[in-house]
Amino acid sequence: MKKLIFFSASLLILASCSQDEELISNAQNSVSGIKFELVTAGSQTRVTTDDNFKTTFDNGDQVGLFAVVHASGETADLASAGNYADNYKLTLVDGQWMIDKDVAFPQDGTALDFYAYYPYAENVDPKAIAYDASSSMYDLMMAKTADIDNSTETVTLTFYHQLGLLDAEIVAGSGSNLTVDGFCPTASFNLGGFGTENVMQLGSEVKSVKMDLMEAKHYRAYIPEQIVAEDAAIVLRAGNDTQNYSLANENVFAGLAYRYNITSTLVSMADLPNCYIVKPGESVTFPVLKAFKVWREIPYINGGNLRNDGELGATLIWQDHQSLISSVTLNPDAAQREQSTVTVQAGNIEGNALVSVTMGGDKVWSYHIWVTNFDPEQNTVGVDNNGDGVDDYIFMDRNLGALSNDVNNPLSIGMYYQGCNNEPYAGFTDKFPTDGVSITTIPLYDIENNPYSYTVDGIWGDNQGQSTRRILTFPGLFVTSKGEPYSWLTTDQNADLLYGPNYWTVEATGEKGVFDPSPAGWMVPNYRNGMSPWASYVDGNTLVNDPLSTYPAGGRMRFDGTFGNTTSAMLFSGSMAAPSYPLKNQAAQFDNGWGQLNNYSTCNALNVRCVKINN
């Protein structure tokens, strides 16, 4: 459904200040001379444009100013150069507009006409201001105040937008890297013609324009005024798939904002979860599509090729209680095998299991099955990590895979995850929590209830694609390294991680990543406001416990495959941007009620506490 927001009053009224105009600054310039007051007309768009399309200038914004002599009661023409004032620069500094050169009225009392534009550019020709949305997108605004003499102490410059704003938000489904197709993105603007039909000359070439990402699934583009072509569309992308969203409006007018609420039919890899919750005695059915998309859409793993194009299958890798899973069944789709599904039937007890999709007998992608009566939507808690009164996170009341929220019960510890790996490792054993115990002693079982043990083996080398293929095709493998700061991904401690999947978090947007281990609607918490999910807004270096209670002391599965730090609670965030080493994830560590931030290599496995998406 599309919603068009028209600010018609702002479009049609090109006059002096009105009550609808917002006063931005009433500051005097930095030297003696004329005072300037900058306002924006109506409730249009930008410089900073909020969700209600309210415009405000920001510190650091710069405006170009021209002045010409007003002769014989008529407005003098603005020239390309040689004007009374040529491209003086006004800069907003701490709420004050500072000008780089003094502007004073002629001593003979002659009036002046003032022209201004935003944003400032050096060596600009005011009669031919070039705009090209395909190369550099910004919100061009202009102002003109004419016939001002020395009886005026303050010159008011009222800015109007010269472009149309396309505001697109994906309200359902997937999509990224949005473009606007079918438009001419170029135009030349004559500042001297401001307020007339001669202000803009549209270019002739139609190009694709990449929309600016404002926040997750919210995009904007500034387009010159023009008739909307029949084939014009906003194009969404998810992996190799695209979707065209046609625009219903027939025109894009300068000064108007057009909002599009888009329901996408695309499916992204990250939207296909790696964990499914099922109640004891019930079954869960999920698609195998992700097993295809990961191999085909992350080229560095296998060049965009499937591991094996053979017959589809599904199998249980392990279960942490006997008879937890009674069956794993592939439901093939003969016409489109990528649309096949898997059904997992749970027994009458709670626990965790790992199920893999196979192709030609090769395991290619694995799913965590969390058998529990727990409803993650119940007993959540909000956390405000910067003190602005708005919850930045909504946390689950237990760790991912936990069977209890009682921190004194070992079953509250849940699963362990090597940093950026989606596959869980069970942690409960009669010897745990105990430092030094090997994870190979954790009691696990296959579908026939026979004992199953994790395999512990060292990392092979520095090839990140090879390492990822290895863990995808060998679920149940715990990859060890020789110590900190090394990883299961590569032996190169200075690797720049030129990887494709943006593992747990999409770094550019903060969205859920392909390898995030959380159920649908949840994700590993990432840093927000430049702070840890567990940081105190009183002191960003001090951690606070989850308001639900404290975290269970699960310690970590160390890089050598043994348990360690088992008197501490240790939880990964989704960030892979530790200050010292790119192969470390940032984590919170709590010991006896106090906490600190640590950077742990991805070869360690820690617990995870999920947060709701889009909170």
Side-chain angles (χ1 to χ4, degrees), residues 274-275 280 315-325 328 344 346-347 349-356 363 366-372 374 398-404 406-419 421-459 470-472 474-481 488 517 551-572 600-609:
N274 297 317
C275 174
T315 184
L316 178 78
I317 303 301
W318 57 257
Q319 53 187 338
D320 61 6
H321 291 79
Q322 290 182 326
S323 302
L324 176 70
I325 304 298
V328 176
V344 176
I349 56 175
E350 292 187 312
N352 293 271
L354 187 67
V355 169
S356 289
K363 302 173 183 68
S366 300
Y367 300 88
H368 171 204
I369 307 300
W370 189 3
V371 185
T372 178
F374 166 61
R398 64 195 66 195
N399 289 348
L400 183 53
L403 303 181
S404 171
D406 178 1
V407 297
N408 296 311
N409 185 339
L411 294 176
S412 66
I413 292 164
M415 299 291 101
Y416 292 79
Y417 296 87
Q418 286 189 295
N421 188 348
N422 70 293
E423 296 175 10
Y425 297 93
F428 182 72
T429 166
D430 56 359
K431 300 176 182 177
F432 182 71
T434 305
D435 285 354
V437 172
S438 172
I439 65 171
T440 60
T441 64
I442 297 171
L444 301 170
Y445 309 92
D446 64 18
I447 192 67
E448 303 295 334
N449 291 325
N450 297 312
Y452 174 92
S453 176
Y454 289 130
T455 298
V456 175
D457 193 19
I459 188 170
R470 188 183 183 201
I471 63 102
L472 292 182
F474 194 168
L477 170 68
F478 188 95
V479 179
T480 63
S481 70
W488 62 268
Y551 292 95
R556 60 173 169 155
M557 292 180 176
R558 289 164 35 91
F559 53 82
D560 61 359
T562 64
F563 285 108
N565 301 87
T566 53
T567 60
S568 301
M570 305 173 70
L571 300 105
F572 269 140
Y600 282 96
S601 299
T602 57
C603 56
N604 293 281
L606 308 184
N607 298 133
V608 164
R609 180 70 65 97

Engineer: Are side-chain heavy atoms of Tyr454 and Leu444 found at a separation under 4.5 Å?
Structural biologist: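 Side chain of Tyr454 against side chain of Leu444, heavy atoms only: contact under 4.5 Å found.
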
Engineer: Please determine whether side chain to side chain contact (heavy atoms under 4.5 Å, CB included) holds for the pair Ile317 and Lys363, giving the CA-CA distance in whole Å, both sets of side-chain angles, and the decisive distance to 0.1 Å.
Structural biologist: CA-CA 10 Å; Ile317 303 301; Lys363 302 173 183 68; 3.4 Å; yes

Engineer: What's the separation between atom CG in Asn399 and atom CG in Leu571, rounded to the nearest 0.5 Å?
Structural biologist: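 Between atom CG of Asn399 and atom CG of Leu571 there are 5.5 Å.
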
Engineer: Report the distance from atom CG of Leu472 to atom CG of Leu477, rounding to the nearest 0.5 Å.
Structural biologist: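 Here the rounded value is 11.5 Å.
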
Engineer: List the residues meeting salt bridge (Lys or Arg N to Asp or Glu O under 4.0 Å) with Asp457, not counting sequence neighbours, and say none if there are none.
Structural biologist: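 Partners of Asp457 under the salt bridge (Lys or Arg N to Asp or Glu O under 4.0 Å) test: Arg470.
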
Engineer: State, yes or no, whether a side-chain contact exists between Pro552 and Ile413 at a heavy-atom distance under 4.5 Å.
Structural biologist: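 The answer is yes; the side chains approach within 4.5 Å.
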
Engineer: List the atom of His321, the atom of Tyr445, and the distance in Å for their closest heavy-atom pair.
Structural biologist: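 Taking every non-hydrogen atom into account, C-CD1, 3.9 Å.
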
Engineer: Does any N or O in the side chain of Ser453 come within less than 3.5 Å of the main-chain N or O of Thr440, such that one atom is a donor and the other an acceptor?
Structural biologist: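 It does hold such a pair.
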
Engineer: Return the set of residues passing side-chain hydrogen bond (donor to acceptor under 3.5 Å, both in side chains) with Tyr417 (not counting sequence neighbours), or none when no residue passes.
Structural biologist: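 Partners of Tyr417 by the side-chain hydrogen bond (donor to acceptor under 3.5 Å, both in side chains) criterion, ordered by chain and then number, come out as His368.
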
Engineer: By the definition side chain to side chain contact (heavy atoms under 4.5 Å, CB included), identify the one residue from Leu316, Ile369, Val371 that meets it with Val344.
Structural biologist: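 Single pass found, and it is Ile369.
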
Engineer: Which heavy-atom pair separates Trp318 from Asn352 by the least distance, and what is that distance?
Structural biologist: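 Scanning both residues, the minimum pair turns out to be CZ3-O, 3.4 Å.
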
Engineer: Begin with the C-alpha distance, continue with both residues' side-chain angles, and end with the deciding distance and a verdict on side chain to side chain contact (heavy atoms under 4.5 Å, CB included) for Gln322 and Asn450.
Structural biologist: CA-CA 8 Å; Gln322 290 182 326; Asn450 297 312; over 6 Å; no

Engineer: Will you find, in the side chains of Thr602 and Gln418, an N or O donor that is under 3.5 Å from an N or O acceptor?
Structural biologist: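 No, no side-chain donor-acceptor contact under 3.5 Å.
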
Engineer: Roughly how far, to the nearest 0.5 Å, is CG of Asp435 from OG1 of Thr566?
Structural biologist: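 Interatomic distance, Thr566 OG1 to Asp435 CG, rounded to 0.5 Å: 3.5 Å.
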
Engineer: If you define the side chain from C-beta out and look only at heavy atoms, does anything of Trp488 sit under 4.5 Å from Asn421?
Structural biologist: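 The answer is yes, as the side chains (C-beta and beyond) meet within the 4.5 Å cut-off.
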
Engineer: Side chains of Asp406 and Ser404: do they bring a donor and an acceptor to under 3.5 Å?
Structural biologist: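 Short answer, no.
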
Engineer: Considering non-hydrogen atoms only, spot the tightest contact between Ile471 and Glu423 and give its length.
Structural biologist: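 Closest pair (atom of Ile471, atom of Glu423, distance): O-OE2, 2.9 Å.
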
Engineer: Would you say the rings of Tyr425 and Phe478 are close, in the sense that their centroids are separated by under 6.0 Å?
Structural biologist: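 Yes.
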
Engineer: Please determine, by modelled atom types, if Gln319 and Asn449 share a side-chain donor-acceptor pair under 3.5 angstrom.
Structural biologist: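 Yes, side-chain donor-acceptor contact under 3.5 Å.
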
Engineer: Looking only at heavy atoms, what is the nearest atom pair of Gly564 and Arg558, with distance?
Structural biologist: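 Heavy atoms of Gly564 and Arg558 come nearest at CA-CD, 3.7 Å.
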
Engineer: Closest heavy-atom contact between Leu400 and Cys275?
Structural biologist: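 Minimum heavy-atom separation between Leu400 and Cys275: CD1-SG, 4.2 Å.
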
Engineer: Flag the pair Ile459 / Phe559 as yes when at least one side-chain heavy-atom distance between them is below 4.5 Å, and no otherwise.
Structural biologist: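 Ile459 vs Phe559: side chains apart.
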
Engineer: Would you compute the distance between atom CZ of Arg556 and atom CG of Leu606 and round it to the nearest 0.5 angstrom?
Structural biologist: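 Taking CZ in Arg556 and CG in Leu606, the distance rounds to 8.0 Å.
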
Engineer: Is the shortest side-chain heavy-atom distance between Ile325 and Ile447 below 4.5 Å?
Structural biologist: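 Side chain of Ile325 against side chain of Ile447, heavy atoms only: contact under 4.5 Å found.
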
Engineer: In Å, rounded to the nearest 0.5 Å, how long is the span from OG of Ser366 to CG of Asn422?
Structural biologist: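 The CG atom of Asn422 is 7.0 Å from OG of Ser366, to the nearest 0.5 Å.
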
Engineer: Within 45° of the six-membered ring axis of Tyr551 and under 6.0 Å from that ring's centre, is NZ or CZ of Arg609 located there?
Structural biologist: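 No, Arg609 does not sit over the ring of Tyr551.
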
Engineer: Under a 3.5 Å distance rule, please check whether Asn607 uses its side chain to pair with a backbone N or O of Met415 as donor and acceptor.
Structural biologist: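 Such a contact is found between Asn607 side chain and Met415 backbone.
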
Engineer: Which heavy-atom pair separates Gly561 from Val456 by the least distance, and what is that distance?
Structural biologist: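 Answer, listing the atom of Gly561 first, then Val456: CA-CG1, 4.5 Å.
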
